[in-house]
Structure formats: structure tokens, C-alpha cells
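The structure appears below as C-alpha cells.
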Amino acid sequence: MRLVLPLDLPDKAKALALVKALTGKVGFFKVGLELFVSEGPSILSEIKELDPEAGLFLDLKLHDIPATVGRAMEAVKSFSPDLITVHTQGGLEMMKEAVAKAEGLVVLGVTVLTSLEPSSLDELNEEYRKPGLYAARLAQRALIAGCGGLVCSSLETLDLRNRFGQAPLLVTPGIRPDWSLVAGDDQKRIGTVSSALSGGSDLLVIGRPIREAPDPVEACDRLLAEISSTLRELKNNSQVQD
Ligand code: C5P
């Protein structure tokens, strides 16, 4: 189950309706800032009740001083998510503290956001003109800190897989299938199901192409079929293992 469905929705009613519609199809439901802030932690158990098989991905992208992130991580543990994110730009000490306090929970390090492109990064620092290189540097620090995985664009997946091997869980947002009606939004460094999986991605975060489709269930099924056929193709070419 490679599909991660972000529940980027304003309230519980809308989020739970989508969970009901897609129960059994999705590997992880992702709760991000919008839903978590508006509904609080109880939303996690409500999702779990509706689809006990799906994993819970709490995407708070923590980024603060090590002590604050560590304490937040201690609080987060009681919600029992399967995956939680921190920003790699928070630094090595912050990530180490997060991993230590997470005690076994899989911490993912967010590298360069897929919404950033070279020109936006360039405003910050000339070195950032090469997001791929920057992502690799951030990823290395995340792994030294003990993160179990990385969030990265499909443009960087293959490079990160080659550099860091099979162990880290690679999670890829910014997926835009050719048939998606979503275009020209905030996501800039985008890719397809095929480009992400062939680069070695483990989980694909796909939100608006599903949620904003005329029929979200049909869009989800179409993506699941694309994921399966791509994995079959890659397996036949011996590029991925189950
Ligand atoms: O497919 P769509 O663009 O709607 O997915 C958006 C989701 O991906 C949001 O929940 C956002 O937080 C997440 N995201 C991420 N890492 C990035 C970019 C987006 O987790 N680098």
C-alpha cells in the first residue's frame, strides 16, 4: 500500500467522509497542520476507528530548538502515529533530540519542500540554487541523526536512494499524474507515479489530484492501478523489490 492520502481539509466532517470513501485503498492517511490545528489530536483516533488497517502519518514538520521539538515529540507519542515529520533544516541536534524522544516512532526528515524552486531558494542563499544537492546534504544529516526516512521530491529520489541505500523510507509528495486537472498550484518540483517509483520511492503523497478530481474514488483507483502497473513493470525489469 504505497499511497499516502493527505487529509488537507478544514474540518472533521469533510476529512472523515473522505476516509470512509477511501477505506481499504490507502496505505496511510496523513494529518497535517490544517486538520490537526482545527480538530486536535482526537481526529487521529477517529480516522483509525474508520480504517484500522491504514497507518497514521502525522505531518507537523516540527522545526524549532532541540528542547522544544523533543518535548513536542514526547507529547506526540501519546497519539500513536506511525510516521511523524521534522524539518531537516532544524539541524542535527534538533533531529537527534526528536529521534531520541520519539522512542521507536518512525521520524521522517523533510528535505527541500517540493513547493520551492531554484529561484525561490536563491533568494535565501546562492548555494540553494541546486535543490538536489541541498536535499542530499540535508538528508545525510537526517540519517546521521537517526531519522528512519526522508521526505523528498521525485526529482531527488533516485539520487538519495543511490547515496543512502535501501534502508531509509523515501516519501515523495508533489506527484502530478499527466491526467490530473490540478495544474499551476504551489507544487513546483513535481513528478509522476512512475518517476517517483522508478527512483526508489516507498510512499507517494497524493492529495489534490485525488481530492479535487470530479470523482475522488475513481481518481484514487486510477492512481492505485498506475502504482501497481509501474511496480510490475519495474519488477520485470528487476529495478525494485517487493
Ligand atoms: O498532492 P498535493 O500537492 O495536494 O499534496 C500536498 C500535501 O503534501 C500536503 O499535505 C503537504 O503538507 C505535503 N507535502 C509534503 N512535503 C512537501 C510538499 C508537500 O509533505 N515537500
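For ligands, and for the atoms within them, numbers begin at 1 and follow the listed sequence. Note that the structure is a prediction, hence the values are computed from the model and not measured.
- Remark: Asp202 engages Arg161 in a salt bridge, criterion side-chain N to carboxylate O under 4.0 Å.
- In terms of polar-atom proximity, Thr114 is counted as a contact of ligand 1, with an N or O under 3.5 Å from an N or O of the ligand.
- For atom 16 (N) of ligand 1, the closest heavy atom belonging to the protein is Pro173 CG, 3.2 Å.
- Contacts with ligand 1 closer than 4.0 Å are made by side-chain heavy atoms of Pro209 only, the backbone lying farther away.
- Checking side-chain atoms of Ser38 against main-chain N and O of Pro10 turns up a donor-acceptor pair under 3.5 Å.
- A 4.5 Å side-chain heavy-atom check between Val19 and Thr23 finds at least one atom pair inside the cut-off.
- No part of Val110 comes within 4.0 Å of ligand 1, judged by heavy-atom distances.
- Considering Glu34, Gln187, Lys188, Arg189 only, the shortest heavy-atom separation from atom 19 (C) of ligand 1 involves Gln187.
- In the vicinity of Val151, heavy-atom distances shorter than 4.0 Å reach the ligand 1 atoms 16 (N).
- Close approach of ligand 1 to Asp59 is summarised as follows: ligand atoms under 4.0 Å from at least one heavy atom of the residue are 12 (O), 20 (O).
- Under 4.0 Å from ligand 1, the heavy atoms of Asp8 that appear belong solely to its side chain.
- For the residues Arg176, Arg211, Lys30, the heavy atom positioned nearest atom 3 (O) of ligand 1 is part of Arg176.
- The Lys61 neighbourhood of ligand 1 comprises atoms 12 (O), 14 (N), 15 (C), 16 (N), 20 (O), with distances under 4.0 Å to a heavy atom of that residue.
- Heavy atoms of Arg208 found under 4.0 angstrom from ligand 1 belong to the backbone as well as the side chain.
- Taking only nitrogen or oxygen atoms, main chain and side chain alike, Asp185 does not reach within less than 3.5 Å of ligand 1.
- The contact set between ligand 1 and Val205, taken as ligand atoms under 4.0 Å from a residue heavy atom, comprises 8 (O).
- Sorted by first and then second residue, the side chain to side chain donor-acceptor pair (under 3.5 Å) pairs involving residues 174-186 (not counting sequence neighbours) are Arg176-Asp185, Trp179-Glu226, Asp186-Arg208.
- In the displayed structure, Lys48 atom NZ is contacted under 6.0 Å by more than 12 heavy atoms of other residues, nucleotides or ligands.
- Under a 3.5 Å cut-off, the side chain of Lys77 and the backbone N or O of Lys101 do form a donor-acceptor pair.
- In terms of modelled atom types and a separation under 3.5 Å, the side chain of Thr111 and the main chain of Val151 share a donor-acceptor contact.
- Arg222 places no side-chain N or O within 3.5 Å of a backbone atom of Ile210 that could act as its donor or acceptor partner.
- In this structure a side-chain-to-backbone donor-acceptor pair under 3.5 Å is missing from Arg211 to Pro216.
- Considering backbone and side-chain atoms together, Pro6 places no N or O closer than 3.5 Å to any N or O of ligand 1.
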